[in-house]
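The structure appears right after this line, and notes come after that.
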Amino acid sequence: MNKTLGNIFKGDKVIWMVFFFLCMISIVEVYSASSSLSYKGGNYWSPILKHAGILVVGTFMMVCVLNVKCKYFKLATPILLAFSFLTLLWVLVAGQATNDANRWISFLGIQFQPSEIAKGALILAIAQILSAMQTDTGADRKAFSYILIVSAFIILPIVPENLSTAMLISVTVVLMMFIGRVPLDQIGKLIGVVALCVVFMLALIMLMGKEEVKVPEKQVLTEKVEKGEESSGALDKLLHRFGTWKSRIYKFTDNEYVAPEDYDLDKDAQVGHANIAIASSNIVGKGPGNSNERDFLSQAFSDFIYAIIIEEMGIEGAAIVALLYIILLFRTGKIAHRCENAFPAFLAMGIALLLVIQALFNMLVAVGLAPVTGQPLPLISKGGTSTIINCIYIGVILSISRSAKKKDFKTEKEENYAMAVA
């Protein structure tokens with residue numbers, strides 16, 4: 001029995017425990033936060049059974065991936081990069097809209113976000129570039145140019161429809177370059193250029209972004225037909241998210257005090273109910289399944305699930321969730337340190353940084369320290385293909401931990417033998 005379990009649960013046991021606890025928290029909190037879905041669908045068990053099924057599929061995929069040797073990941077890189085670039089272009093041209101953002105496509109009956117796959121493909125490519133161009137003094141200066149070129153093909157198509165994901169990937173890329181010992185002067189220049197681009201982008205958003213006004217879709221189409229306007233011009237497609245971004249910036253930077261009785265919950269429902277959820281937790285929380293704000297938060301089971309966690313589990317529960325991600329990052333760092341080759345070390349750290357930074361984004365939004373971004377909490381928020389892909393990312397880390405552990409044990413055995421002979 002123990003041998004059978006050992007064959008299934010291969011890899012670093014700490015990573016397995018972190019994954020297990022995140023999944024357990026996910027099942028409990030998604031079950032609690034999906035009450036509105038249960039009410040609308042008329043089936044109380046359907047949302048959680050679907051989510052649990054996705055976690056089971058994700059776990060199966062994770063076990064399959066952790067049995068793949070790290071060297072074979074390199075072979076998948078060009079295929080994943082090409083697939084990611086083509087599907088990202090597909091999204092821009094004919095993507096399916098959710099919450100006014102074209103981020104989804106359907107392929108062979110499966111709906112998914114190409115950006116989820118693109119993140120992993122880019123990390124694979126950067127890990128290969130950094131490992132192949134390492135010298136005694138750090139990464140070759142040419143590695144910087146190669147990384148920028150590959151990143152541009154992945155990040156730029158994501159920007160128009162999913163700015164927050166593009167920012168998340170960009171931060172991960174910069175941190176990977178720092179870990180990969182890319183010359184600091186090159187990283188410094190890049191940060192400076194990016195800062196200027198951000199300022200220019202913000203100015204463009206504030207100048208060209210239109211104030212969001214909720215008008216019935218039928219009325220909008222009628223007005224466009226009467227004016228002889230096209231239903232979707234190229235410029236409109238490119239700039240249609242500017243209004244949303246402008247509204248979010250205004251809401252986040254507006255420090256004017258608003259009395260509770262004057263707060264417009266219809267206009268700022270997500271932020272308002274998230275704040276109520278956190279404030280009503282009374283530090284210790286209301287207990288699992290006892291949330292009140294889950295019925296008012298439209299994304300209680302996804303983007304704002306951390307607010308529901310705080311409401312139900314209190315500050316201690318929220319701290320435990322944050323601690324799990326911290327453990328994931330530091331444990332992956334220890335695994336990377338044991339790797340004899342640079343590629344698996346950079347790959348493991350890139351994936352861990354991606355997951356942890358996304359989790360940080362989600363938590364900051366939930367507690368009001370960052371603008372609303374639409375980033376789910378990895379392995380906890382309710383999701384479809386994104387949850388499965390995150391499980392695959394964990395599988396990659398576990399695969400690397402297997403080879404790193406073997407090499408570490410082999411090296412230790414050789415050292416002990418040499419000491420005994422001496």
Side-chain angles (χ1 to χ4, degrees), residues 70-71 73-89 114-160 162-202 204 329 332-333 335-337 339-358 360-361 393 396-397 400:
C70 186
K71 62 181 180 180
F73 295 141
K74 292 183 178 181
L75 302 177
T77 304
I79 299 173
L80 289 175
L81 282 175
F83 179 80
S84 298
F85 180 67
L86 292 175
T87 51
L88 287 173
L89 292 181
S115 59
E116 294 295 326
I117 299 176
K119 291 187 289 189
L122 183 57
I123 289 174
L124 269 170
I126 293 175
Q128 288 193 47
I129 293 170
L130 290 173
S131 62
M133 305 192 72
Q134 284 294 310
T135 66
D136 293 337
T137 58
D140 189 287
R141 296 186 71 86
K142 293 181 181 179
F144 179 77
S145 301
Y146 295 147
I147 291 173
L148 288 187
I149 293 171
V150 175
S151 299
F153 278 100
I154 297 298
I155 295 176
L156 292 181
I158 296 177
V159 171
N162 202 342
L163 181 60
S164 60
T165 296
M167 294 172 61
L168 166 67
I169 301 173
S170 299
V171 172
T172 305
V173 169
V174 172
L175 291 175
M176 285 188 70
M177 286 195 290
F178 180 77
I179 293 172
R181 301 193 301 169
V182 171
L184 292 179
D185 62 319
Q186 291 182 320
I187 297 177
K189 290 176 182 178
L190 174 63
I191 293 174
V193 172
V194 169
L196 291 175
C197 291
V198 169
V199 172
F200 175 76
M201 189 72 177
L202 288 173
L204 201 63
L329 180 61
T332 304
I335 293 169
H337 181 70
C339 292
E340 290 184 350
N341 300 320
F343 170 70
F346 292 141
L347 178 59
M349 285 305 301
I351 291 174
L353 286 169
L354 180 68
L355 293 173
V356 174
I357 292 172
Q358 181 174 328
L360 179 62
F361 270 38
Y393 290 159
V396 173
I397 296 176
I400 294 170

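Not measured: the values here are computed from a predicted model.
At a threshold of 4.5 Å between non-hydrogen side-chain atoms, the residues L329 and M349 count as touching. Put simply, the side chain of I126 reaches to within 4.5 Å of the side chain of V173, judged on heavy atoms. Considering only heavy atoms from C-beta on, K71 stays 4.5 Å or farther from K74 through its side chain. Inter-residue side-chain proximity for F346 and I179 is flagged as met; some heavy-atom pair is nearer than 4.5 Å. Annotation: side chain of T172 is not in contact with side chain of K119 (no heavy-atom distance under 4.5 Å). No side-chain heavy atom of Y393 sits less than 4.5 Å from a side-chain heavy atom of I123. Residues S84 and L122 have side chains not in contact (no heavy-atom distance under 4.5 Å, counting atoms from C-beta outward). Contact annotation: the side chain of V396 never approaches that of L124 to less than 4.5 Å [non-hydrogen atoms, C-beta and beyond].
A distance of 6.5 Å separates CD1 in I158 from OG1 in T165, rounded to the nearest 0.5 Å. The CD1 atom of I117 sits 4.5 Å away from atom CZ of F83, with the distance rounded to the nearest 0.5 Å. The structure places CG of L355 at 12.5 Å from CG of L360, a figure rounded to the nearest 0.5 Å. One finds the CE atom of M177 at 6.0 Å from the CG atom of L148 (value rounded to the nearest 0.5 Å). Rounding to the nearest 0.5 Å places CD1 of I335 at 5.0 Å from OG1 of T332. With rounding to the nearest 0.5 Å, the separation of CG in L190 from CZ in F144 is 4.5 Å.
Contact between A121 and L81 at its shortest, heavy atoms only, is O-CD2, 3.8 Å. In this structure, A139 and A143 approach most closely via the heavy-atom pair CB-CB, 4.4 Å. The shortest non-hydrogen separation linking I397 to A352 is CD1-N, 4.3 Å. Residues L353 and L175 approach most closely at CD1-CB, 3.9 Å, considering heavy atoms. Listed here is the closest heavy atom pair of S170 and I155: OG-CD1, 3.6 Å. Closest of all the heavy-atom pairs between P344 and C70 is CB-SG, 3.5 Å.
In this structure, the side chain to side chain donor-acceptor pair (under 3.5 Å) partners of T77, at least two apart in sequence or on a different chain, are Q128.
Side chain of Q134 to main chain of G180: a donor-acceptor pair is present (N/O by atom type, distance under 3.5 Å, no hydrogens or angles). Looking only at distances, a side-chain donor or acceptor of R181 sits under 3.5 Å from a matching main-chain atom of T135. Under a 3.5 Å cut-off, the side chain of N341 and the backbone N or O of F343 do not form any donor-acceptor pair. Side chain of Q186 to backbone of R141: a donor-acceptor contact under 3.5 angstrom is found.
Atom CE of M167 is surrounded by 12 or fewer heavy atoms from other residues, nucleotides or ligands within 6.0 Å.
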